[in-house]
Amino acid sequence: MAKGFTLETYPWAYTAQFNEDKKWIEEYIENPHKTPAEEAALSPEESALLLQQRNSFPKLPLVNYTSQYGMGCFEGLKAYPQKDGSLKLFRPDENAARMKKSMEGLMMPGFPEEMFLEAVITMVRKNRDCGFFPAYDAAWEADNYVSGHSVYLRPFSYSEPAIGLGVSMHPWVIIIATPVGAYFAPGNAKAVVTDKARATPNGTGWIKCNANYVIPILAKKQAMSEGYMEAIFLDSVEHKYVEEGSSCNIFFKMKNGSLITPELGDTILPGINRKSVIELARDMGIIVEERKVPIAEVMEDAVECFVTGTAAGISYIESITQNGKTAVFNGGKPGELTTELLKTLKNIQYGASEDTRSWMVEI
Ligand SMILES: *Cc1c(COP(=O)(O)O)cnc(C)c1O
């Protein structure tokens with residue numbers, strides 16, 4: 001079954017390219033496939049070959065600004081199987097807006113939000129209509145959908161052929177879909193503060209761009225080799241303030257009951273889950289502060305900690321270690337507020353509670 005991210009890509013993909021006439025030329029591509037049941041019966045070799053074919057786009061250039069210089073950005077969003085049997089996307093309008101901002105931040109033409117919305121909806125529908133979607137499973141209700149599956153959509157930009165330095169004037173926007181299950185391996189939720197710098201002032205930290213992932217991946221690898229699950233980044237100037245996890249936003253519940261999270265700025269990625277959690281917590285009557293978060297303060301006074309992101313959902317952090325000193329939150333167990341927020345968000349996403357904020361979009 002789907003575990004974390006996989007490259008068991010669904011058959012239908014989408015591409016659009018900004019052509020010489022400044023028009024986006026769209027294409028839905030039906031890559032080679034059989035029925036899901038037939039594919040499940042394939043040998044590992046046959047299956048690998050099929051998936052390789054689905055991850056091959058002959059019209060796209062290999063050498064370009066994206067593959068050579070990391071000039072590209074992406075999005076990640078999910079469609080959730082609903083209790084009523086349908087599939088719904090979570091806040092795709094927010095991803096559409098951020099994708100456009102990211103592209104413009106990299107000096108590319110921004111992809112129109114309406115096209116993004118229609119493309120992600122159509123992608124989920126076309127894959128569903130040929131049998132590729134996770135069916136709702138009532139067993140997920142037992143752990144508040146932490147074990148729930150979903151369709152992960154990965155829209156990304158990809159430049160025209162190029163070898164010299166420059167910005168992409170005729171990018172593609174590509175969307176692929178994969179099934180996804182629980183993200184973090186359970187059993188370890190320990191985090192360690194890294195010395196590495198993810199983002200610098202006046203840099204690209206606010207853009208969901210490929211290049212921003214290099215350092216966090218290295219930091220997370222390093223952390224994992226030391227027995228941790230996650231790396232925590234501090235600000236790169238003073239190395240005093242918490243900024244993010246390796247690819248997720250971070251929250252702390254303090255002794256006084258308030259919830260704090262680093263304020264947005266050019267070194268913080270404006271997460272959609274971050275924004276949603278802030279709204280849900282405020283609606284529960286919790287005081288939420290978006291401000292500078294000194295690591296020294298949370299090592300002393302935080303009673304719960306969790307990270308948010310489309311991949312991570314809401315994942316509790318049991319402890320943070322910095323320079324050999326460890327702060328353990330809530331005895332190393334998920335806290336009450338963390339669990340309440342997770343439950344509230346997942347229930348909305350899987351259609352187990354009413355979507356009063358109109359966050360969910362029908363396929
Ligand atoms: C994508 C991302 C997040 C989470 O954003 P969501 O919209 O909640 O998925 C957080 N931090 C970084 C660096 C990211 O790239």
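Throughout, residue positions are numbered sequentially from 1 according to the sequence presented. Start at 1 and go down the list; that is how both ligands and their atoms are numbered. Keep in mind that this is a model prediction, so the values were computed, not measured.
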Aromatic plane relationship, Tyr69 with Tyr65 - under 30° parallel, 30 to 60° tilted, over 60° perpendicular: tilted
Ring-face cation contact, Tyr241 with Lys292, 6.0 Å cut, 45° max: yes
Partner residues of Glu290 under the side-chain hydrogen bond (donor to acceptor under 3.5 Å, both in side chains) criterion, sequence neighbours left out: Arg274
Which residues share a ring pair (Phe, Tyr, Trp, His ring centres under 6.0 Å) with Trp359, sequence neighbours left out: Phe90
Approximate separation, where rounding is to 0.5 Å, of Asp301 CG and Lys255 NZ: 4.5 Å
Please tabulate, one line per pair, the protein N or O atoms found under 3.5 Å from any N or O atom of ligand 1, giving the distance to one decimal.
residue, atom, partner, partner atom, Å
ligand 1, 7 (O), Arg98, NH1, 2.8
ligand 1, 7 (O), Arg98, NH2, 3.1
ligand 1, 7 (O), Ile272, N, 2.7
ligand 1, 8 (O), Ile272, N, 3.2
ligand 1, 8 (O), Asn273, N, 2.9
ligand 1, 8 (O), Asn273, ND2, 2.9
ligand 1, 9 (O), Thr310, N, 2.8
ligand 1, 9 (O), Thr310, OG1, 2.7
ligand 1, 11 (N), Glu244, OE1, 2.5
ligand 1, 15 (O), Lys208, NZ, 2.7
ligand 1, 15 (O), Tyr213, OH, 2.4

By ring pair (Phe, Tyr, Trp, His ring centres under 6.0 Å) - contacts of Phe18 (at least two apart): Trp24
